[in-house]
Amino acid sequence: MKLVSWNVNGIRACVGKGFKESFEQLDADIFAIQESKMQKDQLILETPGYHQYWNYAIRKGYSGTAVFTKKEPVNVTYGLGMEEHDQEGRLITLDMGDFYFICVYVPNSQNELKRLDYRMQWEDDFRAYVCRLDKGKPVIICGDMNVAHKEIDLKNPSSNHNNPGFTDAEREKFSQLLDSGFVDSFRYKYPDLTDAYSWWSYRFSSRERNAGWRIDYFLVSDRIKDKINDAGIRSEVYGSDHCPVELEIW
């Protein structure tokens with residue numbers, strides 16, 4: 001089973017930059033996107049052979065997630081079931097029968113860390129949510145988690161320390177999530193691989209210089225980590241400031 005996740009940074013813009021061609025070439029069983037930045041009916045995206053599920057932010061042109069799956073899920077839910085978190089379209093959960101599949105777009109702490117306190121509460125509530133699901137059956141989490149976990153996960157850790165996405169607080173929350181029973185699939189397969197990034201700033205020719213961050217993930221329940229065949233970062237795929245990440249499992 002092949003799973004793909006991609007922060008498209010605006011699906012309407014990404015469609016104009018080859019999204020449909022990349023979607024077809026990647027040929028995932030489940031394809032998740034984050035930061036769709038659209039409202040219902042602003043785009044008709046035809047994906048033959050896939051069921052589509054969208055979660056839109058109330059605020060126009062902001063956030064949003066979607067999942068495309070070849071197999072119809074048993075059930076689909078949107079958000080955490082908490083009003084304070086469910087206004088921005090950040091979460092979709094598919095019950096796929098044998099496992100839960102979660103697409104998430106974790107809030108950014110923003111400039112001057114003005115949203116860090118909210119981010120910390122989100123992290124705690126999200127961790128509690130996925131741990132509840134994990135008690136029932138395995139969980140696969142994918143998406144833009146807006147944190148580079150370790151120094152190996154970004155090009156310039158020293159100069160970025162305590163910037164949004166690389167604060168001690170955010171990194172510790174990610175560690176707590178993993179310690180709750182989850183595995184970072186990419187680091188499980190490639191613990192020491194350097195220069196492996198999924199996001200690059202549009203400034204300073206960052207992508208051309210590969211001065212990036214790895215902030216897009218596939219996490220899986222610890223008890224199914226031996227079923228991971230491979231995990232990849234498709235840095236050759238353009239169309240966004242992020243590239244797709246993928247997981248082959250079972």
Side-chain angles (χ1 to χ4, degrees), residues 1-7 26 28-32 34 99-109 119 122-123 126-127 129-131 133-134 138-201 206-207 210-237 240-250:
M1 180 172 59
K2 182 179 180 181
L3 312 174
V4 169
S5 176
W6 192 6
N7 180 323
L26 290 166
D29 295 289
I30 305 178
F31 197 115
Q34 302 86 43
F99 65 97
Y100 290 106
F101 180 88
I102 295 175
C103 169
V104 63
Y105 178 38
V106 173
N108 189 299
S109 295
R119 165 76 177 263
W122 162 279
E123 294 279 2
F126 178 71
R127 185 173 67 255
Y129 173 77
V130 298
C131 285
L133 294 182
D134 188 51
V139 177
I140 298 175
I141 303 165
C142 76
D144 177 357
M145 306 195 76
N146 261 318
V147 61
H149 186 213
K150 301 289 187 180
E151 290 191 353
I152 194 176
D153 294 316
L154 72 167
K155 186 69 172 182
N156 299 303
S158 297
S159 61
N160 281 295
H161 183 230
N162 282 332
N163 282 342
F166 200 59
T167 64
D168 294 339
E170 291 165 312
R171 295 167 67 193
E172 175 59 27
K173 289 297 185 184
F174 193 83
S175 293
Q176 290 177 17
L177 177 58
L178 296 181
D179 291 344
S180 298
F182 296 92
V183 170
D184 174 352
S185 62
F186 185 80
R187 284 294 168 221
Y188 177 70
K189 295 297 290 186
Y190 305 103
D192 302 315
L193 184 61
T194 60
D195 299 321
Y197 309 123
S198 64
W199 172 79
W200 304 263
S201 170
S206 297
R207 191 157 186 173
N210 196 29
W213 299 45
R214 190 176 73 92
I215 59 176
D216 302 271
Y217 296 85
F218 270 100
L219 310 182
V220 305
S221 295
D222 186 75
R223 63 186 181 277
I224 60 169
K225 64 183 180 183
D226 60 334
K227 298 183 182 295
I228 297 173
N229 296 324
D230 201 5
I233 300 177
R234 300 298 298 270
S235 57
E236 79 281 7
V237 178
S240 168
D241 52 349
H242 296 247
C243 74
V245 296
E246 59 185 23
L247 173 68
E248 294 182 12
I249 191 165
W250 283 294

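Numbers for residues simply follow the sequence, beginning at 1.
Closest of all the heavy-atom pairs between Asn160 and Asn156 is ND2-O, 2.9 Å. Across all their heavy atoms, Ala148 and Ile215 have their closest contact at N-CG2, 3.8 Å. Between Asp195 and Lys155, the shortest heavy-atom distance links the atoms OD1-NZ, 3.3 Å. Looking at every heavy atom in both residues, Glu151 comes nearest to Phe166 through CG-CZ, 3.9 Å. The two residues Ala32 and Cys142 have their closest heavy-atom pair at CB-SG, 3.6 Å. In plain terms, the two heavy atoms of Gln34 and Cys103 that are nearest each other are NE2-SG, 3.5 Å.
The CZ atom of Phe101 sits 10.5 Å away from the CD1 atom of Ile141 when rounded to the nearest 0.5 Å. Atoms CG and OG, from Asp168 and Ser175 in turn, are 10.5 Å apart once rounded to the nearest 0.5 Å. Here the straight-line distance linking atom CZ of Arg119 with atom CG of Asn146 works out to 5.5 Å at 0.5 Å rounding. A distance of 6.0 Å separates CG in Asp226 from OH in Tyr188, rounded to the nearest 0.5 Å.
Applying the side chain to side chain donor-acceptor pair (under 3.5 Å) criterion to Asn210, with sequence neighbours excluded, gives Trp200.
Relative ring orientation between Phe174 and Tyr217 is described as tilted, the plane-to-plane angle lying within the 30° to 60° band.
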Contacts under 3.5 angstrom, residues 242-250 side chains, donor-acceptor by atom type, not counting sequence neighbours:
from	atom 1	to	atom 2	distance (Å)
His242	ND1	Asp216	OD1	3.3
His242	ND1	Asp216	OD2	2.9
His242	NE2	Asn7	ND2	3.4
Glu246	OE1	Arg234	NH1	3.3

Side chains of residues 177-187: which donor-acceptor partners sit under 3.5 Å, not counting sequence neighbours?
from	atom 1	to	atom 2	distance (Å)
Ser180	OG	Gln176	O	2.8
Asp184	OD1	Phe186	N	3.3
Asp184	OD1	Arg214	NH1	3.3
Asp184	OD2	Arg214	NH1	3.4
Asp184	OD2	Arg214	NH2	2.6
Ser185	OG	Phe218	O	2.8
Arg187	NE	Asp153	OD1	3.2
Arg187	NH1	Tyr190	O	2.8
Arg187	NH1	Leu193	O	3.0
Arg187	NH2	Asp153	OD1	2.9
Arg187	NH2	Leu193	O	3.2

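The shortest distance between side-chain heavy atoms of Lys227 and Phe99 does not fall below 4.5 Å. Residues Ile102 and Phe126 have side chains in contact (heavy-atom distance under 4.5 Å, counting atoms from C-beta outward).
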Exercise for the section: Go through the steps for Val147 and Val106 under the test side-chain contact (heavy atoms from CB on, under 4.5 Å), then give the verdict. Expected result: CA-CA 9 Å; Val147 61; Val106 173; over 6 Å; no
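Thr167 contributes a side-chain N or O that, together with a main-chain N or O of Glu170, makes up a donor-acceptor pair within less than 3.5 Å. Formation of a donor-acceptor pair under 3.5 Å by the Asp241 side chain with backbone atoms of Ser201 is not found in this model.
The pair Glu123-Arg127 does not meet the salt-bridge criterion, since no charged nitrogen lies less than 4.0 angstrom from a carboxylate oxygen.
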